[in-house]
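Single-structure report; data block below.
All chains are named by letter (A, B, ...) in the order of the sequence lines, taking the proteins before the strands, and each is independently numbered beginning at 1. Here the structure is a predicted model, which means the values were calculated and not measured.
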Amino acid sequence: MSRYNPKETEPRQRKRWDDANVFRTRSPSEAGDRPKYYVLEMFPYPSGRIHMGHVRNYAMGDLVARFKRARGFNVLHPMGWDAFGMPAENAAMERGIHPKGWTYDNIANMRAQLQQLGLSIDWSREFATCDTTYYGQQQKWFLDLLKHDLVYRKESTVNWDPVDNTVLANEQVIDGRGWRSGALVEKKKLTQWFLKITQYADDLTEGLETLDRWPDKVRLMQSNWIGRSKGLKFKFAFADQAPEGFSDGLEVYTTRPDTLFGAGFVGIAADHPLVKSLPQTPELEAFLAEVKKGGTTQEEIDTGEKLGFNTGLKVAHPFKAGETLDVWIANFILMDYGTGAIFGCPAHDQRDLDFARKYDLPVVEVVLPPNADDSFKVENEAYTGLGTLFNSDFLNGLDIEAAKAEAIARIEAADAGQGATIYRLRDWGVSRQRYWGCPIPVIHCDDCGVVPVPDDQLPVSLPEDVTFDVPGNPLDRHPTWKHVNCPTCNKAARRETDTLDTFVDSSWYFARFTSPHSNQPIDKAAADYWLPVDQYIGGIEHAILHLLYSRFITRALHTCGYLSVKEPFAGLFTQGMLTHETYKAPGGEWVDPSDVDITTEGDKRKAVRLSTGEDLKIGDIEKMSKSKKNVVAPEDIFQTYGVDAARLFVLSNSPPERDVQWTTGGVEGSWRFTSNVWAEFDRLPEGDVAATDEAAALELRKAAHKAIKAVTEGFEAFRFNSAIAKLYEFVNTLRASDIAKTGTDARREALTILAGLIAPITPHLAEEGWARLGYESLIAEADWPAFDPALAQDDVYVLPVQVNGKKRGELSVRIGASEDEIRQMALEDETVKRHLEGVTVRKVIVVPNRILNFVVG
RNA sequence: GCGGGCGUGGCGGAAUCGGUAGACGCAACGGACUUAAAAUCCGUCGGGAGUGAUCCCGUGCCGGUUCGAGUCCGGCCGCCCGCACCA
């Protein structure tokens, strides 16, 4: 009897895997008839240390990789580093360390930690996005995108983060603040590089329908983000003299052209160009100032009042001869959506109705709800449901869809506008005024304009002799790097000093992993074999940005001939976060869990700070974060309980898509399980012992085969917590079994199965147990255990018997017993008999394997 | 405001085909071992009534469908997530 010692076992088993190089990826030709399976976890930013969230993410990916490998797939399971970005520059500024040194040191540390986790990764494919060999290839395809007209430059107002001194994409601005720094974002005009993601807006929307192994939630979020809407763009002619620059009329956009006859006013945004051509009266200025003041916080928008200003301008209704509509400036109209101008239909849009009621504008009902008569009037609630058009001339009697089509056709025939599809999605601004990123490979020449860096001069490497003692971009102030000759005319020219948004780096790494050492961006044959990624695993926080950008870049690379696929990730799984209880000291500061002692009295829990002895307040369970100090360090956990117990715990306690709460008790339970499992492997006599109790032996075998079935199904369905619960049950059966009765054959079979089943979760323990059973091979290379269907099923099952739907007894029924037999048995059950006394059985429902129900009355 | 999701013991969660509600784990409680504690082992563990067999109640609330509802339908209440005056 030996005690399980993970500190000794785990490194030893890892060394065996390394020595045998078991996790190398097979080339397509080596794979034989093994189908390919590409499993990928979102690669980490090299902050320097892993956290428990990483442990959970990579434990899940590793489970899938090991499981699929055992199931006969040729598995690709790589790892790399999302290594460009601002923290490296911040470290440089704060501590005078060069970003490159800082980053590669962090990578070395984190690699060691990930390797300690025992992940079945093919490390020969590792790269960092800051490797010249990676970003140099990125520059190559960037120039291809340029050739294909998917990249352009324009002057634009950008979101400027005054703390990070950089430009942010729209989606990196959250509630008016930078997503990373939290600083209030300012507006600034700069010439910026853009990627034409909007060119794929339709395809990105429609592609979502093919992603049937993605969470619906993520597909919905992406669809909303792209925000495709179909409608009509048309121009209202001014009734009188048109203002300067608007002789063609005022263009509006609507998704409800069917309600045109219900138009009550025309509205424009406060920053619409038309506003500038109005007489700049004090009243107008006061109104515009008022609108500007209207904040952007959630509360102000929720409770915000509709504000309007009548411009005095009038436009002609396109279908009602002689009728005009007033043009109002309204605070609820946005300049950057549609055309910045609308017609309001108060009866059928709540905002328009609120506005019309406030300023006493006409409300004309044009959609008749089903079962309403034509006296239908709205009060203070707009009618937005289905119905039939009325009060609408040639649209009368049509349903909404038909009326939309007819209105569009009429407007088009009158040459006043056309049906239009618009998007919320904007092109992706990728310029960053930073050093630690991928240089944009172009040269600016006064004569030739923007000139791509010629292929033989790629990659454009980052200069290393830079300093961070002053704010701004070190590339921009570098004495020599930016000064080059124009590749076309050879005159003095300047390099582009902007670098690419790091989301570009992470938008194609999955493709690079298929041929990480190629001297082209992507080896097409390798990509064709491996892509799409079969199972992608990562955090829900990337539901929009990273995943949308990756889908776009995949399409762009498809257009440029690099990739055959258009969707990068066939299956997506978004895992939940790690949470932990919080502790607060009397002084109000958060206290690290390692400094807390919890005592219980009955169901009361008390927290005491170890270092000071003061009583602590036990706070909410929240996402692990440094600011709340409710983090546990993976190193400490590995040291105390071993890597396998940590892996087991993060997989066992909650469904994988949900948050999991870290508790000391929980991980101790996992540790107990690993010790118990080892004790079972160790409880094997030297010689062979024959079974003395065939029934006991059979029962053990059945438990083992049932476990295979349950665990296999659980793993396939991503129900890891349930699968692990079944393993616990199996181990409980095993512990209760008696070798003297079962004999060694049944026991050995059960243990062999157990080793196989736990290998994806606790691989070191599985390997140690496998060796203890006497196998010289590695379980990491073994096939997944197969179950015997006859053994995985009981030949007697328990059938509940109900009377009027209430359980009154249960029967042990032989598989295949006839309904009559079952009914007869039930009628002999004492309790059932009692409940059937004196009543009439009206009906008997027999569902074999499920239920027997006597309906009486 | 709009869209989506979720409400099950003291806690995390099972029961995903409408068929035994509470698997498995944690915590708690009782006992064994120990000088003692930890560890370990055995047992109890939704609420109520009863010595007991057994019975009643119970999956956020109200109602419906069904032989049978945690599961399906309608209406509320609460919590979480996403988007946000998107025409």
Using a cut-off of under 3.5 Å, enumerate the N/O to N/O pairs linking the protein to nucleotides 36-44 of chain B.
| unit_1 | atom_1 | unit_2 | atom_2 | d |
| --- | --- | --- | --- | --- |
| rC41(B) | OP1 | R735(A) | NH2 | 2.5 |

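- Listed for the Q222(A) side chain is no donor-acceptor partner under 3.5 Å among the backbone atoms of T205(A).
- Distance from the side chain of I544(A) is smallest to rC83(B) among rC85(B), rC83(B), rG12(B).
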Tabulate protein N/O versus nucleotide N/O from nucleotides 50-53 of chain B, keeping only pairs under 3.5 Å, one per line.
none

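- Nearest nucleotide to the side chain of A725(A), out of rA14(B), rA87(B), rC24(B): rC24(B).
- None of D352(A), L250(A), T259(A), V315(A) except one satisfies the side-chain contact (heavy atoms from CB on, under 4.5 Å) rule with F343(A); the exception is T259(A).
- With salt bridges taken as basic N to acidic carboxylate O contacts below 4.0 Å, one links D216(A) and R219(A).
- A cation-pi contact links K306(A) to F332(A), judged by a cut-off of 6.0 Å to the six-membered ring centre and 45° from its axis.
- Between R672(A) and E668(A) there is no salt bridge, since no side-chain N of the basic residue sits under 4.0 Å from a carboxylate O of the acidic one.
- A sub-4.0 Å separation between OP1 or OP2 of rA87(B) and a side-chain N or O of K230(A) is absent.
- Within the 4.0 Å cut-off from OP1 or OP2 of rU54(B), not a single side-chain nitrogen or oxygen of R834(A) is found.
- Between the C1' atoms of rA21(B) and rU71(B), the separation comes to 11 Å (whole Å).
- Along RNA chain B, the nucleotide nearest I540(A) and the nucleotide nearest L220(A) are compared for position; the residue whose nucleotide lies closer to the 5' end is L220(A).
- The phosphate of rG25(B) has neither OP1 nor OP2 within less than 4.0 Å of any side-chain N or O from Y728(A).
- Side-chain atoms of R424(A) lie closest to rA84(B) of the nucleotides rA84(B), rU20(B), rC24(B).
- Under 4.0 angstrom from either OP1 or OP2 of rU20(B) there lies no side-chain N or O belonging to N853(A).
- The strand RNA chain B forms stems, runs of 3 or more Watson-Crick or G-U wobble pairs with distances below 3.5 Å, at B:1-7 with B:77-83, B:10-12 with B:24-26, B:28-32 with B:40-44, B:46-49 with B:54-57, B:60-64 with B:72-76.
- Among the atoms of the strands shown, base atoms are found under 4.0 Å from some heavy atom of E810(A).
- Rounded to an integer number of Å, the gap from NZ of K807(A) to P of rU54(B) is 10 Å.
- OP1 or OP2 of rC55(B) sits under 4.0 Å from a side-chain N or O of R808(A).
- Glycosidic torsion of rG9(B) falls within 90° of 0, placing the base in syn.
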